[in-house]
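Accompanying notes for the structure given below.
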2 protein chains.
Amino acid sequence: MSPRTPKASDDAALESGRRRATINDIARLAGVSKKTVSRVINRSPSLRPETREKIEAVIARYGYAPDPQARGLAFRRSFLIGLIYDNPNPQYVVNMQLGLLDGMRGSGFELVVHPCDRGSTTLVPDIRSFIERQKLFGVVLTPSVSEDEGVAAMLRETGCEFVRVASVAVDGPDHSIVTQDRHGGMLAGRHLAELGHRRVGFISGPLTFRSSHERRGGFEDGLREHGVTLSPEHVAEGAYTFESGLDGAAKLLALPDRPTAIFAGNDEMAAGALHAARHAGLSVPGDLSVIGFDDFQIASRVWPPLTTIRAPTREIGRLASDKLIGQAGEDKRDPADRLPSLVVRESTAPPRG
Amino acid sequence: MSPRTPKASDDAALESGRRRATINDIARLAGVSKKTVSRVINRSPSLRPETREKIEAVIARYGYAPDPQARGLAFRRSFLIGLIYDNPNPQYVVNMQLGLLDGMRGSGFELVVHPCDRGSTTLVPDIRSFIERQKLFGVVLTPSVSEDEGVAAMLRETGCEFVRVASVAVDGPDHSIVTQDRHGGMLAGRHLAELGHRRVGFISGPLTFRSSHERRGGFEDGLREHGVTLSPEHVAEGAYTFESGLDGAAKLLALPDRPTAIFAGNDEMAAGALHAARHAGLSVPGDLSVIGFDDFQIASRVWPPLTTIRAPTREIGRLASDKLIGQAGEDKRDPADRLPSLVVRESTAPPRG
DNA sequence: GCACGCGCTGACACCGGTGTCCGGCGAGAT
DNA sequence: ATCTCGCCGGACACCGGTGTCAGCGCGTGC
């Protein structure tokens with residue numbers, strides 16, 4: 001255009017998409033300053049509508065999108081969301097990622113994954129350095145690292161946005177999403193009691209996980225509705241792993257007054273319980289009912305297909321990213337979607353006789 | 001220090017870690033220009049060792065790390081690696097992520113996940129916009145999107161580094177990692193033949209996946225070693241899903257000369273085959289041997305535990321990130337780690353009689 | 001003793017955005 | 001018609017790095 005803007009010669013390259021437009025190009029082509037273009041991008045209110053429209057037209061014409069790096073540099077904050085997790089279950093992780101991405105679609109944010117080891121002595125500095133180096137906009141934490149108060153304290157220092165997903169409110173409402181595991185446990189207890197079971201067993205997750213206690217507490221609530229109680233001898237401590245489910249169930253099934261039904265704290269352990277039943281020569285659900293928690297793929301792959309509690313992990317993920325980047329306005333989804341629900345398959349039945 | 005550098009007043013904040021050091025701080029504290037610090041960061045050869053050491057000492061003292069955003073802006077390239085995938089299996093995805101992260105640890109790169117839908121009409125522009133907007137350093141593609149030539153052509157245009165993971169060499173050695181599925185299939189065929197099976201069945205993945213053909217081809221190779229052939233009627237086309245495995249096996253088991261062993265193209269379908277056998281009243285491995293592929297968790301959770309081919313997904317991921325960001329020097333790992341291997345469990349046995 | 005070459009270093013512009021601040025312009029008051 | 005006020009938009013510096021290029025100091029050849 002004018003001799004002061006040498007880049008004008010590249011308009012052909014721009015047009016054809018050979019060169020990505022920058023804010024300078026848009027400003028020049030719209031005949032305004034780059035700051036004004038910036039105002040459009042950032043929805044500044046002090047702009048005459050016609051100016052805005054003119055610039056938006058140019059933006060649309062050249063398919064301009066601001067460079068996240070440059071923007072981030074100026075904002076001192078990137079457009080990245082971190083997922084920090086130590087849950088080793090692949091399906092949980094993937095569902096959570098999908099949920100987060102659901103909420104981030106079209107927002108210009110991207111998802112960076114960051115598995116961690118809660119047992120590591122450098123857990124807090126590692127996460128801190130991840131956040132500060134990348135200047136993350138926000139992070140989502142899932143159990144069990146979400147329950148770590150040392151990590152939480154550090155997060156508050158950094159000024160990075162964060163959401164902690166956990167089975168109880170581990171933080172204020174702005175920083176916490178509750179997965180209502182207690183409700184899920186209740187559904188399991190109610191289901192078994194309604195089938196007529198009176199002697200039931202429970203295989204818990206690790207006691208360091210809040211969800212273990214919530215699921216058990218809810219289970220007892222559900223049983224109690226029907227006058228059934230969970231005897232402490234009928235509780236085995238597991239670790240949310242297949243093997244621990246196998247061992248825990250084997251222990252319970254060896255008792256003289258063995259339970260007629262077992263609630264395993266997750267599907268992995270429930271799968272282990274099915275194996276234990278087989279080893280003990282018991283048929284499921286004839287001799288023993290088994291109910292799991294999560295409704296991951298494995299639940300419908302084992303034999304018999306598992307009755308279980310569906311945990312809405314993907315929906316929770318979506319909720320988490322909505323909370324972080326506040327794409328509000330469409331929060332009219334049915335809150336029931338976020339509640340665990342009972343999925344009845346073939347591993348539960350009334351007790352024999 | 002000098003009045004021209006007002007930031008000198010903040011040294012206390014720097015010292016205590018309240019403020020992150022920038023290249024300007026390091027330059028000032030080391031008494032050099034920022035460009036020289038930049039030379040240290042980028043391992044420029046033209047630096048006197050003593051200068052380098054002096055600067056490195058200051059960097060270490062203040063725990064300085066360059067800002068990836070600023071660096072990226074200047075380099076016109078971010079320090080992000082994208083994982084582009086359309087494989088819906090959670091364990092594959094997570095293993096791949098873990099492998100990629102293994103190779104990226106300590107490199108300053110981060111992993112951004114980007115699931116996609118190969119069926120989408122906007123697949124290519126979507127991926128392109130992801131890459132260009134974020135100015136990705138590189139991307140890793142996994143099957144089946146890795147086999148898409150339209151995507152590959154676009155990648156070559158962008159100048160972004162890329163690695164395509166596939167069961168055959170879909171690209172030159174710089175851009176391709178081969179998973180040797182054929183070898184895995186061969187192991188399956190050899191195993192069944194060695195057990196004495198002569199009438200065997202195969203449930204393939206979708207024919208649009210190269211791995212389906214590779215696994216079958218290898219299977220036939222393995223059988224042939226022992227003079228066994230795969231009859232075309234004993235092949236069912238599946239879709240790598242549980243249900244398709246169930247259906248495929250049901251079809252094969254309904255044949256008058258039903259096979260005594262079935263190789264399913266992956267574990268999901270093998271789990272379906274186990275269910276089909278149960279529905280048909282057949283015991284595994286007594287009446288029917290079943291072998292899968294992948295060795296995901298499900299393989300050891302079903303009953304009986306599945307004999308399967310272990311696919312070294314995590315190792316492949318590690319290889320991919322090594323190739324992308326070239327943290328060479330430690331490429332002395334046993335190449336056998338990258339080959340599929342046979343895992344014998346309880347779902348295979350010699351045919352009855 | 002001087003010109004030359006080379007290795008090392010720094011000044012400056014630039015990457016593509018945003019914050020600050022100030023000037024210009026139109027509408028309403030006098 | 002002029003002054004004032006408020007809104008709008010632009011010039012400029014800055015975010016934290018890197019590329020370019022010129023200059024400095026030093027050793028070498030003649």
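Fair warning: this is a prediction, and the values are worked out from it, not measured in the lab. Per chain, numbering begins at 1; letters A, B, ... match sequence-line order.
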### D:dG10 base / A:Arg39 side chain donor-acceptor hit below 3.5 Å
yes

### Interatomic distance where CD1 belongs to B:Ile23 and P belongs to D:dC14 [whole Å]
18 Å

### Query
Taking side chain as C-beta onward, heavy atoms only, is B:Phe137 less than 4.5 Å from B:Ile325?
yes

### Task
Nearest whole angstrom, please: distance from the C1' of C:dC12 to the CG of B:Asn24.
14 Å

### Min side-chain heavy-atom separation B:Phe162-B:Leu324 under 4.5 Å
no

### Task
Could you tell me whether the side chain of B:Ser107 reaches within less than 4.5 Å of the side chain of B:Met104, counting heavy atoms only?
yes

### Task
Measure from CD on A:Glu53 to C1' on D:dG9 and round the result to the nearest Å.
17 Å

### Query
Start at the 5' end of DNA chain D and walk down; is the nucleotide closest to B:Lys35 or to B:Ala70 reached first?
B:Ala70

### Query
Are any non-hydrogen side-chain atoms of B:Ile41 and B:Ile23 less than 4.5 angstrom apart?
yes

### Query
Given D:dG10, is OP1 or OP2 found less than 4.0 Å from the side-chain N or O atoms of A:Ser33?
yes

### Message
Keeping A:Thr313 on the side-chain end and A:Tyr92 on the backbone end, is there a donor-acceptor pair under 3.5 Å?
### Response
no

Enumerate all atom pairs, one protein N or O and one N or O from nucleotides 25-28 of chain C, separated by less than 3.5 Å.
none

### Task
Kindly say if A:Thr22 contacts the phosphate of C:dC15, meaning a side-chain N or O under 4.0 Å from OP1 or OP2.
no

### Query
Between B:Arg48 and C:dT9, is there a side-chain N or O to OP1/OP2 distance below 4.0 Å?
yes

### Task
Return the nearest nucleotide to the side chain of B:Leu73; candidates are D:dG16, C:dT18, C:dG17.
D:dG16

### Interatomic distance, A:Phe79 CZ vs C:dG17 P [rounded to whole Å]
11 Å

### Whole angstrom value for the distance that separates P of D:dG17 from CD1 of B:Ile59
10 Å

### Query
Rounded to the nearest Å, what distance is computed from the CG atom of residue A:Leu47 to the C1' atom of nucleotide D:dG6?
15 Å

### Query
Below 3.5 Å, does any donor atom in the side chain of A:Lys34 face an acceptor in the base of C:dG17, or the other way round?
yes

### Task
Could you walk me through whether A:Leu83 and A:Val112 pass the side-chain contact (heavy atoms from CB on, under 4.5 Å) test, one step at a time?
CA-CA 6 Å; A:Leu83 169 61; A:Val112 180; over 6 Å; no

## Note on the structure
Test side chain to side chain contact (heavy atoms under 4.5 Å, CB included), reference B:Leu136, set B:Gln134, B:Glu132, B:Arg133, output is B:Gln134

### Query
How about B:Arg71 and B:Asn42: does a side-chain donor come under 3.5 Å of a side-chain acceptor?
yes

### Query
In dot-bracket, 5' to 3', how would DNA chain D read with Watson-Crick or G-U wobble pairs under 3.5 Å, [ ] for crossing ones and | for pairs to another strand?
||||||||||||||||||||||||||||||

### Whole angstrom value for the distance that separates C1' of D:dC7 from CD of A:Glu50
13 Å

### Query
Is a side-chain N or O of A:Ser78 found less than 3.5 angstrom from the main chain of A:Lys135, in a donor-acceptor match?
yes

### Task
Starting at atom CZ of A:Arg71, determine the distance to atom C1' of D:dG16, rounded to an integer number of angstrom.
18 Å

### Task
For D:dG17, take OP1 and OP2 only and decide whether either is under 4.0 Å from a side-chain N or O of B:Ser38.
no

### Query
Does D:dG10 have OP1 or OP2 sitting under 4.0 Å from an N or O in the side chain of A:Thr36?
yes

#### Entry: Closest-nucleotide ordering on DNA chain C, the 5'-leading residue of B:Val32 and B:Ala74
B:Val32

### Message
Within the 3.5 Å criterion, strictly below it, is a donor on A:Thr22 or A:Asp67 matched to an acceptor on the partner's side chain?
### Response
no

